[in-house]
Amino acid sequence: MIVTSKARNCGGISMAAPFVAPQLKHAICAILVLPFLVTIVTAADIFLDWHVSTDFNLKPVSTDQPVITINGMFPGPLINATTNDNIHVNVFNGLDDPLLFTWNGIHQRLNSWQDGVSGTNCPIPPGWNWTYDFQAKDQIGTFSYFPSINFLKAGGGFGPIRVNNRPVISVPFPKPETEFDLLIGDWYSSSYKNIRSRLYMGRALPPDWMLINGKGPYMNNFSVSYESINVTQGKTYLLRISNVGTTWSFNFRIQNHQMVLVETEGSYVNQIELESLDVHVGQSYSVLVTANQDAADYYIVASPKMSNATNNNTLVGVAVLHYNNSTTPAKGSLPSGPDPFDVQFSINQAKSIKWNLTTGAARPNPQGTFNVSNVTISETFILNASIATIDGLSHYTVNNVSYLTPDTPLKLADYFSNGSGVYELDAFSKNSSNAEAVSGVFVASALHKGWTEIVLKNNLDIIDTWHLDGYSFFVVGMGEGEWSRESRSSYNLYDPVGRSSVQVYPGGWSAVYVYPDNPGMWNLRSQNLQSWYLGEELYVRVYDPDPNPAKEKPPPPNLLLCGKYQPPAPTPAPIPSPSVPPPPRAPSSKACNLHKTSTNNRYLIAIITTVICFFHIGLH
């Protein structure tokens with residue numbers, strides 16, 4: 001009960017009462033203190049040392065080939081973060097190729113300097129180390145990382161990223177017994193260097209194996225080992241599935257078990273029960289699986305789309321779901337999936353994946369608070385992927401332009417010389433094709449904070465997957481045949497899913513809406529590695545003229561220079577022997593002090609606010 005009178009002040013909050021129930025006073029002060037305490041417990045610094053090298057002894061498919069490992073691991077180690085955590089990855093390059101890592105689906109909010117692609121960063125030379133510093137700002141979900149240049153992803157170096165909800169944000173499903181990361185992808189049976197050397201001549205065959213967590217198919221004589229997931233009868237588990245391959249989309253399924261789809265690339269979705277799930281190159285999903293069958297072993301299968309691969313083919317990945325105490329091996333035929341050439345099935349499934357409008361994610365407000373139902377489109381990109389021969393060599397193109405990687409990263413040139421001498425902004429059309437196929441530095445402008453429609457068209461005979469760094473976009477439509485303005489009538493503008501990668505079916509199209517509010521230089525690319533390596537990409541420049549660093553971060557203090565801004569060569573850092581994993585790096589004293597100072601300041605504010613509040617309560 002409150003009896004009104006003149007207002008008094010408690011910690012900067014007006015309270016119109018000479019008498020307030022003590023319980024209410026305590027509640028008000030708790031509300032004041034809570035934000036500071038939440039900040040304290042929900043932001044952490046994660047320090048990682050990664051020693052990247054090649055291992056010729058792993059032989060996942062019993063052939064002599066170099067496998068790219070991180071700290072001796074293939075796949076690489078898990079980055080297990082929580083919303084708003086700061087991640088510091090010190091990469092030691094023990095390869096004989098320059099190296100960059102990209103963080104597939106992490107938005108790098110206001111900070112494209114950490115994106116780890118050729119347009120934003122100078123490569124880490126062999127024998128050098130460099131530290132990425134980035135934040136999982138306002139994100140949750142399932143993602144992956146991988147090497148972004150020199151076709152290195154075909155040799156490994158990929159791994160999982162989890163961004164967990166903060167404790168104060170509820171998850172829209174019961175807590176699972178545990179979580180498993182399933183990194184599934186096609187694999188070449190020869191060296192990535194050999195494949196790389198054949199690409200421009202058009203002589204490279206597609207990958208011929210499917211690995212699950214770096215292991216070959218169960219029951220295959222050439223598999224050194226196979227993956228097995230241990231479960232307890234009656235328990236429910238979260239599987240985080242990522243397609244880390246280079247070429248093949250796959251259909252994922254588990255013998256005699258249903259899956260409940262709950263999340264994709266940072267978005268919670270309306271939960272749907274599935275017998276199988278299509279996962280395209282570069283995409284990630286989370287599904288719940290309940291161990292509700294008799295205690296036994298069951299097949300886990302990932303089979304390629306658009307392929308006639310039979311069940312005993314090496315291109316069909318097979319693992320085992322093993323019930324604890326089971327003595328019954330998996331038996332019978334592998335569970336059958338949909339017709340791999342049934343495009344309409346795949347389109348229908350993709351359209352059934354919709355955004356959960358009512359749940360919170362990285363923030364407590366519902367995801368649907370930000371939606372596309374009534375937006376005004378400022379501009380449209382129409383991007384057509386195809387193959388062309390340029391100077392006698394095979395290239396992939398976007399609007400008949402095959403991307404030509406300059407020696408100087410675009411972001412570096414943008415910062416030092418407004419791009420002069422490296423690229424010309426909007427030199428190529430972003431909604432029509434060049435008259436002749438050319439190689440060039442394709443950089444397109446996007447209007448800062450102007451809603452943009454991007455139509456992706458596929459003139460290839462494969463399922464293509466497009467990805468935009470720095471953003472999640474809304475997948476509003478897709479279909480077979482030619483896109484036209486009339487296609488917009490089929491768009492889903494009510495609950496389209498937000499994600500960062502979208503498939504485009506052969507001869508078809510997909511359309512997305514994106515809100516360019518994240519200034520920087522952002523890579524828009526095919527996730528199919530051969531297409532990307534041979535030119536199917538461009539960069540989108542989002543420019544905010546406000547120099548305030550709160551609008552876009554300045555270059556990091558450890559910025560690498562190259563190309564036009566080549567510095568004197570420093571002495572390479574020594575690389576420890578890959579056979580002996582190095583000890584974890586302790587955080588630098590500077591980093592610790594910075595984090596400690598920030599945390600102490602928040603504690604001090606919280607304590608002062610608490611004292612003021614309860615002193616006020618004592619007076620009244």
Side-chain angles (χ1 to χ4, degrees), residues 60-61 63 153-154 182-190 192 195 198-199 202-223 226-227 241-255 274-283 285 299-319 333-350 385 387 396 458-466 478 480 501-508 510 526-534 536:
V61 295
T63 59
K153 185 187 178 188
L182 290 178
L183 301 180
I184 305 174
D186 51 60
W187 185 256
Y188 292 97
S189 57
S190 60
Y192 65 90
I195 304 298
R198 301 175 192 163
L199 289 177
R203 295 200 304 262
L205 296 174
D208 46 3
W209 286 81
M210 189 75 73
L211 304 185
I212 299 180
N213 284 347
K215 300 171 184 176
Y218 174 58
M219 298 185 301
N220 188 287
N221 293 332
F222 291 99
S223 297
Y226 65 90
E227 181 67 349
I241 306 164
S242 293
N243 186 332
V244 294
T246 65
T247 305
W248 295 104
S249 301
F250 61 76
N251 178 266
F252 179 87
R253 51 200 183 271
I254 304 175
Q255 185 182 28
L274 300 170
E275 292 183 358
S276 69
L277 174 66
D278 285 353
V279 186
H280 304 279
V281 178
Q283 292 187 338
Y285 288 95
Y299 296 119
I300 299 172
V301 177
S303 59
K305 306 289 293 183
M306 311 300 289
S307 166
N308 283 316
T310 57
N311 285 347
N312 60 353
N313 192 295
T314 59
L315 200 49
V316 176
V318 184
S333 301
L334 298 183
S336 60
D339 181 343
F341 296 95
D342 187 350
V343 171
Q344 195 57 54
F345 166 87
S346 296
I347 292 176
N348 291 342
Q349 184 180 83
I387 297 178
Y396 285 74
N458 183 5
N459 280 337
L460 308 171
D461 59 2
I462 60 171
I463 300 174
D464 205 359
T465 311
W466 280 83
M478 63 178 59
E480 295 183 273
S501 298
V502 63
Q503 67 273 27
V504 191
Y505 295 96
S510 293
S526 172
Q527 294 278 53
N528 296 58
L529 189 59
Q530 179 174 334
S531 307
W532 182 14
Y533 185 75
L534 295 182
E536 192 185 332

Quick one, Ile184 with Phe252, criterion side chain to side chain contact (heavy atoms under 4.5 Å, CB included). Give me CA distance, side-chain angles, the key distance, then yes/no. CA-CA 9 Å; Ile184 305 174; Phe252 179 87; 3.7 Å; yes
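- Counting heavy atoms from C-beta outward, Glu480 and Ile347 have side chains that approach closer than 4.5 Å.
- Heavy atoms only, all atoms of each residue included: Lys153 and Leu529 are closest at CB-CD2, 4.0 Å.
- Using a 4.5 Å cut-off on side-chain heavy atoms (C-beta onward), Glu536 and Leu460 make contact.
- Considering all non-hydrogen atoms of both residues, Val343 and Met306 come closest at CG2-SD, 4.4 Å.
- The closest side-chain heavy-atom distance from Ser242 to Leu182 is not below 4.5 Å.
- Here the side chains of Ile300 and Tyr218 are not in contact, with every heavy-atom distance at 4.5 Å or above.
- Pro335 approaches Ile254 most closely through the heavy-atom pair CG-C, 4.4 Å.
- One distance of note links CG of Leu211 with OG of Ser223; it measures 8.0 Å at 0.5 Å rounding.
- The backbone N or O of Val279 lies less than 3.5 Å from a partner atom in the side chain of Asn243, making a donor-acceptor pair.
- Checking side-chain atoms of Asn458 against main-chain N and O of Gly507 turns up no donor-acceptor pair under 3.5 Å.
- Remark: Leu205 CG to Ile195 CD1 distance equals 7.5 Å, nearest 0.5 Å.
- Of all heavy-atom pairs spanning Trp187 and Pro60, the tightest one is NE1-CG, 3.9 Å.
- Scanning for salt bridge (Lys or Arg N to Asp or Glu O under 4.0 Å) contacts around Lys305 gives Asp278, with sequence neighbours left out.
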Given Trp248 and Val281, is the side chain to side chain contact (heavy atoms under 4.5 Å, CB included) satisfied, shown in steps? CA-CA 7 Å; Trp248 295 104; Val281 178; 5.8 Å; no
For Arg253 and Ser303, what are the C-alpha separation, side-chain angles and deciding distance, and is it a side-chain hydrogen bond (donor to acceptor under 3.5 Å, both in side chains)? CA-CA 9 Å; Arg253 51 200 183 271; Ser303 59; 2.9 Å; yes
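- Between the side chain of Asp186 and the main chain of Met210, no donor-acceptor pair closer than 3.5 Å is present.
- Contact check for Gln527 versus Ser501: side-chain heavy atoms found under the 4.5 Å cut-off.
- Using a 4.5 Å cut-off on side-chain heavy atoms (C-beta onward), Phe345 and Ser276 make contact.
- More than 12 non-hydrogen atoms from other residues, nucleotides or ligands lie less than 6.0 angstrom from CD of Gln344.
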Give the C-alpha distance, both sets of side-chain angles, the deciding distance and a yes or no for side chain to side chain contact (heavy atoms under 4.5 Å, CB included) between Tyr505 and Met478. CA-CA 9 Å; Tyr505 295 96; Met478 63 178 59; 3.8 Å; yes
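- Nearest heavy-atom pair across Val316 and Thr310 is CG2-O, 3.2 Å.
- A perpendicular orientation is assigned to the rings of Phe222 and Trp209, their planes being inclined by more than 60° (bins at 30° and 60°).
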Going through the distances and angles, do Thr247 and Ile462 end up as a side chain to side chain contact (heavy atoms under 4.5 Å, CB included)? CA-CA 9 Å; Thr247 305; Ile462 60 171; 5.7 Å; no
Asn213 and Glu227: side-chain hydrogen bond (donor to acceptor under 3.5 Å, both in side chains), yes or no, with the steps? CA-CA 7 Å; Asn213 284 347; Glu227 181 67 349; 2.9 Å; yes
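- Across all non-hydrogen atoms, the minimal contact from Pro217 to Tyr226 is C-CB, 4.4 Å.
- The side-chain hydrogen bond (donor to acceptor under 3.5 Å, both in side chains) test applied to Asp208 returns Ser189, not counting sequence neighbours.
- Using a 4.5 Å heavy-atom threshold, the side chains of Phe250 and Pro304 count as separate.
- Among Asp464, Asn528, Leu534, the single residue meeting the side-chain contact (heavy atoms from CB on, under 4.5 Å) criterion with Tyr396 is Leu534.
- Of the possible polar contacts, none joining the Thr63 side chain to the Ser190 backbone as a donor-acceptor pair under 3.5 Å is found.
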Go through Tyr285 and His280 one step at a time and tell me if the ring-ring contact (aromatic ring centres under 6.0 Å, His included) criterion holds. CA-CA 10 Å; Tyr285 288 95; His280 304 279; 8.4 Å; no
